[in-house]
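Read the structure below first, then the notes.
Counting convention: from 1, in listed order, for ligands and their atoms alike. Hydrogens, waters and symmetry mates play no part in the numbers below; they use all other heavy atoms, side chains included.
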Amino acid sequence: MTPYDDIAVPGPTPLIDGFGRTVTYLRLSVTDRCDLRCVYCMAEHMTFLPKAEVLTLEELDRIATAFVRLGTKKLRLTGGEPLVRKGMMGLVTSLGRHLGTGALDELTLTTNGTRLAEFAERLADAGVRRINVSMDTLKPDLFRTLTRGGDLAKVQAGAAAAKAAGLSVKINAVALRDSNADEIPDLVRWCHGHGYDLTLIETMPMGEVDVDRTDEYLSLKDVRRELESFWTLEDLPLTTGGPARYVRVAETGGRVGFITPMSHNFCETCNRVRLTCTGTLHTCLGQEDATDLRAVLRAGASDDILVETIRTAIAGKPRGHDFEIARRQPAVARHMSTTGG
Ligand code: SAM
Ligand code: SF4
C-alpha cells in the first residue's frame, strides 16, 4: 500500500466534459529539463524552472493516482526528457501498481532515447509495454544540428534496447521542410526494417524558439501524397482519440501515423488532458485554459478537494483548439517541453 492508494473518489462517475467527451488519457510532464535542445522545441539557452516550482515525485504520483481513480486508462510520461529526472524509475514503478490492479490499461513514455539503453529493462519490469522514441533523421550530422549536440547512435541503441526488453517501439519524427523532408521514405524503411512504427508530426507553434517555424512547416498531406506515389497506404481504423491517423504500408508491412494538428481537426474525439511539470492542468493543448493543481496540493487539500478540482477543470474543457501557423506567432506561449508533447 502506498500513501495514495486510498485517494477518495465520490462514486464511479467517469470524467466527462461539457461536450460529452470522456477523458481517459493523461499526459504527464515530469520535468521541463532535457539533455538535448531540439531547434523546434527549445531555445539554445533555455532558462529552466526553479526546482521548487516543479512537482515532487510524490505530488506527481498523487495527481496521477487521482486521475486513475477517476477513470484514466492511459498515462503517458513525458517532458522535457522524462529519463533525465532523478528518481524517475521510482515514479514509473510506483505508477505501475495501477496496471497490477487493472485500474490502468497502459503506462507509457515519450523519450528522446538518449538514456533508454540504461533504463529499458527496468521500464519493462515496471509494466511499460510500448514506448515512443523521438528521432527526426538517420543522418548523424543532421541529428547533431537539429538537437544541438545529440548523438544519434545513442538514440538508436536506446530503441534497440527497448525492443530487446520486449517493448513495442514507435519512432516519432517531426516533419521539417528543409531538414528531413527528403529522407522520410528512408525513415519509413528504416523503422519498418527494425520492427518499429513511425509517427510523423507536423510542427506546432508552441513557445518562442530561435528559429521561425513557419519556414520549416511541412504539411503531412503532401508527405502522404508523396509516399502514395510509390507505396500502397492502407488506412487503419486504429484511433487513439488523438490527432494521429494510421496507415499500413503494404510493401513494408509496417505502420505510419500522421499527427496533423495544423491541417486536420481532431478535437471532437479528444479524450486527453495534460499536466505540466509544475502541476498546471491544461485540458486543451491549443488553448490557454489552466487549473493549478499544485496550489491545491500545497495548500494541504484533501483528496476529495483534489478530485473535485479535477472534475471542475474537465467540465470546462474547451471545444477545440485554434492553431494557425500563418499567424507566425506561438498559438500558446508555453513550450512543448513544459506542457509535455
Ligand atoms: N523529450 C522527449 C522527446 O523528445 O521525445 C519527450 C518530450 S518532447 C516535447 C515530445 C515530442 O514533442 C517529441 O516527439 C518532439 O519531437 C515533439 N515536439 C517538440 N516540439 C514540437 C513542436 N514545436 N512541434 C511539433 N512537435 C514537437
Ligand atoms: Fe528535449 Fe524532447 Fe524538446 Fe528535443 S523535443 S528538446 S528531446 S524535450
Side-chain angles (χ1 to χ4, degrees), residues 27-46 48-49 76-85 88 108-116 119 130-137 142-152 154-155 158-159 162 169-177 179-180 187 191 196-220 242-244 257-263 272 274-277 282 285-286 321 323 325 328-341:
R27 296 167 86 106
L28 206 55
S29 174
V30 301
T31 177
D32 64 326
R33 287 162 170 76
C34 188
D35 52 347
L36 301 180
R37 295 286 183 279
C38 301
V39 291
Y40 46 76
C41 179
M42 292 194 183
E44 185 159 14
H45 303 287
M46 284 289 285
F48 292 110
L49 296 162
R76 177 176 297 280
L77 307 176
T78 176
E81 173 46 40
L83 295 180
V84 303
R85 171 101 199 226
M88 183 59 193
T108 184
L109 277 89
T110 300
T111 173
N112 66 24
T114 58
R115 303 192 64 187
L116 189 51
F119 292 114
R130 300 196 302 157
I131 196 153
N132 288 7
V133 181
S134 301
M135 191 191 84
D136 302 329
T137 175
L142 179 57
F143 186 82
R144 204 169 299 117
T145 304
L146 286 176
T147 57
R148 297 197 185 93
D151 179 356
L152 178 64
K154 265 194 191 166
V155 176
V169 175
K170 189 190 286 177
I171 302 292
N172 281 350
V174 177
L176 300 162
R177 199 181 66 201
S179 305
N180 65 3
L187 272 168
C191 287
Y196 309 149
D197 288 336
L198 172 67
T199 300
L200 299 168
I201 310 174
E202 281 177 353
T203 49
M204 284 181 267
M206 300 282 297
E208 292 288 353
V209 291
D210 304 329
V211 292
D212 181 349
R213 263 176 303 236
T214 54
D215 291 344
E216 277 281 46
Y217 175 70
L218 173 65
S219 164
L220 290 183
F258 298 90
I259 299 191
T260 56
M262 309 300 297
S263 59
R272 61 196 59 193
R274 294 174 163 76
L275 188 78
T276 69
C277 58
H282 293 292
L285 180 61
H321 68 55
F323 285 141
I325 199 96
R328 294 187 166 251
Q329 293 288 335
V332 286
R334 56 186 192 265
H335 280 93
M336 186 75 107
S337 51
T338 314
T339 313

Quick one: do S179 and L142 satisfy side chain to side chain contact (heavy atoms under 4.5 Å, CB included)? Show the steps, please. CA-CA 8 Å; S179 305; L142 179 57; 4.3 Å; yes
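- Atom numbering of ligand 1 starts at 1 in the shown order; those under 4.0 Å from a heavy atom of T203 are 24 (N), 25 (C).
- Within the listing of ligand 1, atoms 16 (O), 26 (N) sit less than 4.0 angstrom from a heavy atom of V174.
- In this view, R37 satisfies the salt bridge (charged side-chain N to carboxylate O under 4.0 Å, His left out) rule with no residue, not counting sequence neighbours.
- Taking every non-hydrogen atom of N172 and a distance limit under 4.0 Å, the qualifying atoms of ligand 1 come out as 14 (O).
- In summary, C41 places an N/O/S atom under 2.8 Å from atom 3 (Fe) of ligand 2, meeting the contact criterion.
- On a distance-only criterion, G80 and ligand 1 share at least one N/O pair closer than 3.5 Å.
- An N or O contact shorter than 3.5 Å links E81 to ligand 1 by distance.
- In this model, no donor atom of one side chain and acceptor atom of the other lie less than 3.5 Å apart for E81 and T31.
- Remark: distances from the non-hydrogen atoms of G80 to ligand 2 include one below 4.0 Å.
- Of the listed residues (S134, S29, A173), the one carrying the non-hydrogen atom nearest atom 4 (O) of ligand 1 is S134.
- By the 4.5 Å heavy-atom criterion applied to side chains, F48 and M42 are counted as neighbours.
- Proximity to G79 (heavy-atom distance under 4.0 Å) selects the following atoms of ligand 1: 7 (C), 9 (C).
- Taking all heavy atoms of V155, V84, N112 into account, the minimum distance to atom 7 (S) of ligand 2 is reached by N112.
- The closest side-chain heavy-atom distance from T114 to V155 is below 4.5 Å.
- Residues L77 and M88 are in side-chain contact: their nearest non-hydrogen atoms beyond the backbone lie under 4.5 Å apart.
- T199 is not listed as a side-chain neighbour of N132, based on a closest heavy-atom distance of 4.5 Å or more.
- At a 3.5 angstrom cut-off on N or O pairs, T111 counts as close to ligand 1.
- Between T78 and ligand 1, no pair of N/O atoms sits closer than 3.5 Å.
- Residue C38 counts as close to atom 4 (Fe) of ligand 2, with an N, O or S atom under 2.8 Å.
- Remark: D197 pairs with K170, R255 by the side-chain contact (heavy atoms from CB on, under 4.5 Å) rule, at least two apart or across chains.
- A donor-acceptor pair is defined here as one N or O able to donate and one able to accept, closer than 3.5 Å; such a pair exists between the side chain of D136 and the backbone of V174.
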